[in-house]
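Taking it in order: structure first as structure tokens, then the write-up.
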Number of protein chains: 2
Amino acid sequence: MKDDVTQQILTAAGELFAEHGYRETTVRDICKRAKVNVSAVNYYFGDKERLYVQAVKNARLQMERRVPLPEWDAATPPEQKLRQFVETMIRRMLISEGSSWQTRLLTREIMEPTRACEEMVQESFLPFFQLLLGIVRELSAANWPDHKIEKIGMSIISQIVHYRAQDRIVELLIGSNQLQQHYRPHDLVNHITEFTLAALHAMRQADQPSFDRTASSSPN
Amino acid sequence: MKDDVTQQILTAAGELFAEHGYRETTVRDICKRAKVNVSAVNYYFGDKERLYVQAVKNARLQMERRVPLPEWDAATPPEQKLRQFVETMIRRMLISEGSSWQTRLLTREIMEPTRACEEMVQESFLPFFQLLLGIVRELSAANWPDHKIEKIGMSIISQIVHYRAQDRIVELLIGSNQLQQHYRPHDLVNHITEFTLAALHAMRQADQPSFDRTASSSPN
DNA sequence: TAATATGCCAAACACGCGTTTGAAACGAGT
DNA sequence: ACTCGTTTCAAACGCGTGTTTGGCATATTA
């Protein structure tokens, strides 16, 4: 019973925090949605802030379980790894397989870090970003400095996060009919990987026109 | 006297709203910073919400005045236009010439649109985005559909906005010393334009290898 | 100077919030 | 059946918030 109630509160809190933010969400609303008494939050979590921290952690774990990273062996080409990396992030961001309020909450935490942020970065974001940098490194020229690799990594991340963090403006800029027609998750994965691979391809060529990574030289 | 007080309130409100958001900013804090009485907000603006709307509008106008768009004639090459477009946005985002809380406030409004959003989009963002799409169109192959141009525009915007919206996480991912060393505004402009032009270059080539836009074929 | 309007202020008001309280309901062990 | 620890609940508390108020100072006009 106890675990049941805490889990009910955690998901109710996660959904509401994700939708309205910490400050705009009241303990009373959370308890109403979780169908428990107002004092349950303080009884089980101490106070609202500690509930929030737990809700963020819970969201991260649920998200990682819901859409895990694919497994790669040594022979997997980096182009495929990049595509699947982007696909994983986009799916985590946008696809609502059992709803995707989790990333919405985590994105909030990215934009305005609170107490819950540090663990999230250490446990999840840093290793995730390092993984991406490894893939980018494979697709880069050997003489590129680390900060160049990192900037490219940022360019990739930013494109993906954009559609979650600024989704309201995306809709206003292109219209909701266009959005449904051309901005399905699959379309976004295609565009972002194509755009990124093309950039890396041309940047390699500009650096060392003779030594291209791929034999067929097609960036797609 | 009257205009003086309203302006003092507007900038104080803008700075605080930008830093802490609408809900976390109290009317008392605003008045304290503006060195006016608490009731001044209600006297001059009606209520907190209408003050917020005015503060957002004020921020937009200040920003556009602070960093205006460059003037281009018909002969200006699109590569240069793109670079200057990126430079303008990065300067608006990051450079603190008389501080840059304005874009921070506008970015908040992008991420969570309120009453103040509609005018901002109509007056500023839509034309700005259309301008970008025009530049991208010049750098694209003739047969690319509109939604492809739009997605490329999104990729550019997202890279720029990223460093303002997710700046806290950027610092956590790469470290503050790296940030100061390699992520100055100038470095970001260089990277984003290089990355984008490289992508467009390779995407054109992949489409029609024989007809390259530029004679020298260097994406930089 | 007197009269009126405008801007300014400290104090108070009404309300929603997170949290606490004390008792009631429940369940497990004896 | 009784006890004791745990869980649930309605009610209340204390505080911070946006807003209002009534009076005071200052400027404007006749």
Side-chain angles (χ1 to χ4, degrees), chain A residues 1-59 101 104-105 108-109 112-117, chain B residues 1-59 101 104-105 108-109 112-117:
Chain A
M1 292 300 111
K2 183 184 166 180
D3 289 356
D4 194 34
V5 171
T6 59
Q7 196 55 41
Q8 250 175 329
I9 295 177
L10 274 178
T11 58
E15 291 169 4
L16 289 175
F17 283 143
E19 188 64 21
H20 305 114
Y22 179 79
R23 207 52 159 60
E24 300 278 354
T25 304
T26 71
V27 174
R28 284 175 171 83
D29 286 342
I30 295 170
C31 293
K32 198 173 187 180
R33 172 176 284 234
K35 295 196 178 77
V36 297
N37 190 268
V38 223
S39 47
V41 161
N42 301 78
Y43 184 76
Y44 286 107
F45 295 93
D47 54 23
K48 186 187 177 186
E49 192 178 333
R50 270 175 284 187
L51 166 61
Y52 178 78
V53 174
Q54 287 295 107
V56 170
K57 182 173 182 176
N58 182 53
W101 53 268
R104 179 149 225 127
L105 180 54
R108 267 186 200 282
E109 194 59 25
E112 253 171 306
T114 68
R115 197 75 55 77
C117 185
Chain B
M1 289 299 112
K2 184 184 166 179
D3 290 354
D4 194 34
V5 171
T6 59
Q7 196 55 42
Q8 249 174 328
I9 295 178
L10 274 178
T11 59
E15 292 169 4
L16 290 175
F17 283 142
E19 187 64 21
H20 305 113
Y22 179 78
R23 207 53 159 57
E24 299 279 353
T25 304
T26 71
V27 173
R28 283 175 172 81
D29 286 342
I30 294 170
C31 293
K32 197 173 187 179
R33 173 175 283 233
K35 294 195 178 77
V36 298
N37 189 268
V38 221
S39 49
V41 161
N42 302 78
Y43 185 76
Y44 285 107
F45 296 93
D47 53 23
K48 186 188 178 185
E49 192 178 332
R50 271 175 285 187
L51 165 61
Y52 178 79
V53 174
Q54 287 296 107
V56 169
K57 183 174 182 176
N58 182 53
W101 53 267
R104 179 149 226 127
L105 180 54
R108 267 186 200 282
E109 195 58 26
E112 253 172 308
T114 67
R115 198 73 55 77
C117 185

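Quick note on labels: first sequence line is chain A, next is B, and so on, each numbered from 1.
Between A:K57 atom NZ and A:L10 atom CG the span is 11.0 Å, to the nearest 0.5 Å. Here A:Y52 contributes atom OH and A:L105 contributes atom CG; the two are 5.0 Å apart, rounded to the nearest 0.5 Å. Interatomic distance, B:E24 CD to A:E112 CD, rounded to the nearest 0.5 Å: 8.0 Å. In this structure, the separation between CG on B:L16 and CH2 on B:W101 is 10.0 Å, given to the nearest 0.5 Å.
Considering only side-chain atoms of B:Y44, the nucleotide from D:dT8, C:dG7, D:dT21 that sits closest is C:dG7. Of the candidates C:dG18, D:dT7, D:dG18, C:dG18 carries the atom nearest the A:T26 side chain, counting heavy atoms from C-beta on. Closest to the B:V27 side chain, of the nucleotides D:dG18, C:dC8, C:dG18, is D:dG18. Out of C:dA10, D:dT19, C:dG18, the shortest distance to the side chain of A:K48 is found at C:dG18. In the set C:dT19, C:dA12, D:dC9, C:dA12 carries the atom at the smallest distance from any side-chain atom of B:R28.
Note: CZ (A:F45) to C1' (C:dG18) measures 16 Å, nearest angstrom. If you measure from atom OH of A:Y22 to atom P of C:dC17, you get 13 Å, rounded to the nearest angstrom. Straight-line distance from the CG atom of B:N37 to the P atom of D:dT21: 15 Å, rounded to whole Å. Computed from coordinates, the B:D4 CG to D:dA27 C1' distance equals 16 Å when rounded to whole Å. Whole-Å rounding puts the A:R23 CZ to C:dG16 P distance at 15 Å. What separates CD of A:Q8 from P of D:dT7 is a distance of 15 Å, to the nearest Å. Here the P atom of nucleotide C:dA14 and the CG atom of B:D47 are 19 Å apart, to the nearest Å. Rounded to an integer number of Å, the gap from B:L51 CG to D:dT19 C1' is 14 Å.
For C:dG18, the OP1/OP2 oxygens have no side-chain nitrogen or oxygen of A:N42 closer than 4.0 Å. The phosphate of D:dT8 (OP1 or OP2) has no side-chain N or O of A:Y43 nearer than 4.0 angstrom.
Both the sub-6.0 Å distance and the 45° axial angle are not jointly satisfied by A:K48 relative to the ring of A:F17.
Each of A:G46 and A:E24 lies near DNA chain C, and the nucleotide nearest A:E24 is the one positioned closer to the 5' end.
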